[in-house]
Amino acid sequence: MTSSPTGEQPDDPTWETHLHTTKEKVQVIELQKILGEALTTGAHSEFQEVVGSINLLRYLRGCNHDVKAASDLFLAHLNLRELHNLNQVRERCIQLLNDSPNFSQQDLRHGALFAKHHPAELSAGVTPNGHIIIYIPFGDMHPTQLRDSGVTQEMYIEHQLDDLILRQIQVDRLSREKGKLIKQCIIVD
């Protein structure tokens with residue numbers, strides 16, 4: 001496991017933000033071979049943020065370079081995409097992100113209710129190294145009022161899925177633009 005700059009062991013062993021090392025390029029190719037048709041069939045096969053080498057690198061690093069584990073996790077992701085119709089969610093999200101790269105909570109489905117009772121700054125800025133800052137002020141959240149406002153579990157899931165798909169597209173675009181893995185810096189207050 002890689003140490004952080006302070007010598008502490010990070011929760012996420014992938015402090016590295018550089019793109020593929022020579023070894024990782026080989027592993028991505030191996031991962032692509034294992035995944036085979038899963039990368040080339042279905043609507044998701046057209047989405048760079050899903051099947052591109054940068055996303056596959058994220059799976060590899062997230063699984064501590066275990067190609068089999070990365071493959072299993074990626075396939076589980078595809079199953080969730082199917083289960084929750086995420087390819088259709090993406091159609092709406094891609095337009096939203098094109099129109100508003102610094103999207104807010106209001107831009108997501110049911111956003112006005114969430115902004116009122118469960119506020120978060122989804123695009124609070126970027127770190128000096130270009131990573132996305134998300135600010136979540138738990139002290140300002142009112143879950144009972146959110147529930148009482150009529151937000152159902154389905155609405156909550158829709159709101160969260162919009163955010164997940166937008167982030168997947170956003171971090172992929174920024175990673176390709178910046179030539180390094182862009183990550184999320186989440187500040188919970």
Side-chain angles (χ1 to χ4, degrees), residues 1-21 24 28 47-66 69-70 73-74 76-77 80-81 84 86 89-90 92-94 96-112 114-143 146 156-189:
M1 185 181 287
T2 309
S3 293
S4 72
T6 62
E8 298 172 9
Q9 294 300 314
D11 290 334
D12 175 0
T14 61
W15 280 91
E16 308 153 298
T17 59
H18 57 79
L19 294 183
H20 313 78
T21 64
E24 288 171 331
V28 167
F47 308 150
Q48 183 71 22
E49 72 274 5
V50 176
V51 299
S53 65
I54 288 175
N55 192 43
L56 295 179
L57 176 61
R58 289 181 191 280
Y59 278 89
L60 273 173
R61 287 186 183 166
C63 291
N64 203 22
H65 294 93
D66 180 332
L73 188 59
F74 183 85
H77 168 77
L80 285 174
R81 288 186 78 83
H84 294 288
L86 297 184
V89 171
R90 182 196 186 268
R92 195 182 81 68
C93 289
I94 198 84
L96 188 147
L97 193 57
N98 287 341
D99 293 342
S100 182
N102 294 319
F103 61 92
S104 75
Q105 196 172 28
Q106 298 268 6
D107 295 319
L108 309 182
R109 284 181 285 178
H110 320 296
F114 280 85
K116 183 175 180 181
H117 302 296
H118 208 265
E121 292 294 330
L122 303 180
S123 299
V126 295
T127 69
N129 293 323
H131 301 290
I132 301 162
I133 299 173
I134 302 164
Y135 176 65
I136 302 173
F138 274 119
D140 294 338
M141 294 184 176
H142 305 284
L146 181 66
Y156 184 84
I157 290 170
E158 289 173 344
H159 185 78
Q160 296 304 307
L161 291 176
D162 278 4
D163 188 30
L164 289 171
I165 294 299
L166 284 163
R167 287 288 173 222
Q168 186 178 38
I169 298 165
Q170 184 185 46
V171 297
D172 182 74
R173 283 181 176 180
L174 289 171
S175 294
R176 285 186 280 127
E177 178 186 313
K178 303 290 183 187
K180 66 180 183 176
L181 284 185
I182 296 298
K183 298 187 178 193
Q184 300 174 50
C185 177
I186 301 174
I187 300 170
V188 179
D189 181 13

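Note that this is a predicted model, so its numbers are computed, not measured.
In this structure, CD1 in I169 is found 6.0 Å from CG in L97, a value given to the nearest 0.5 Å. Rounded to the nearest 0.5 Å, atoms CD1 (I186) and CG (L122) are 10.0 Å apart. From K180, atom NZ reaches atom CG of L174 across 10.5 Å, with rounding to the nearest 0.5 Å. Note: C63 SG to R58 CZ = 13.5 Å, rounded to the nearest 0.5 Å. Atom-to-atom distance recorded for S100:OG and D107:CG is 4.5 Å, nearest 0.5 angstrom. For the atom pair CD (Q48) and CG (D172), the distance works out to 5.5 Å, reported to the nearest 0.5 Å.
For the pair I165 and R90, the tightest heavy-atom approach, listed with the atom from each and the gap, is CG2-CA, 3.7 Å. Closest heavy-atom contact between P119 and D140: CD-O, 3.5 Å. Closest approach of V50 to F74, counting heavy atoms only: O-CE1, 3.3 Å. Summarising the geometry of L56 relative to V51, their closest heavy-atom pair is CD1-O, 3.8 Å, with the distance given to 0.1 Å. Considering every non-hydrogen atom in both N55 and Q168, the closest pair reads ND2-NE2, 4.0 Å.
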key: Check against side chain to side chain contact (heavy atoms under 4.5 Å, CB included), L108 and L166   = CA-CA 9 Å; L108 309 182; L166 284 163; 3.2 Å; yes
ask   = So I132 and R167, side chain to side chain contact (heavy atoms under 4.5 Å, CB included) or not? Walk me through it.
value = CA-CA 9 Å; I132 301 162; R167 287 288 173 222; 3.6 Å; yes
query = Given R109 and V89, is the side chain to side chain contact (heavy atoms under 4.5 Å, CB included) satisfied, shown in steps?
reply = CA-CA 10 Å; R109 284 181 285 178; V89 171; 3.6 Å; yes
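With D162 contributing its side chain and H159 its backbone, the two residues share no donor-acceptor pair below 3.5 Å. One N or O on the side chain of N98 and one on the backbone of I94 form a donor-acceptor pair closer than 3.5 Å. Judged purely by atom type and a 3.5 angstrom limit, S175 uses its side chain to pair as donor or acceptor with the backbone of I182. For H20 (side chain) and S53 (main-chain N/O), a donor-acceptor pair under 3.5 Å exists by modelled atom type. Between the side chain of N102 and the main chain of S123, no donor-acceptor pair closer than 3.5 Å is present. No donor-acceptor distance shorter than 3.5 angstrom exists from the side chain of H117 to the backbone of H142, with no hydrogens or angles considered.
Taking the ring-ring contact (aromatic ring centres under 6.0 Å, His included) definition, one finds that F103 meets it with nothing, sequence neighbours left out. In terms of the side-chain contact (heavy atoms from CB on, under 4.5 Å) criterion, residue partners of A112 (sequence neighbours excluded) are, by chain and number, Q106. Legend: residues meeting side-chain contact (heavy atoms from CB on, under 4.5 Å) with F138, ordered by chain and number and at least two apart, are I136, M141, V188.
Within the 4.5 Å cutoff, no side-chain heavy atoms of Q160 are placed close to those of H84.
Side-chain contact, Q170 with R173: no donor N or O sits under 3.5 Å from an acceptor N or O.
Using cut-offs of 30° and 60° on the angle between ring planes, the pair F114 and H118 is perpendicular.
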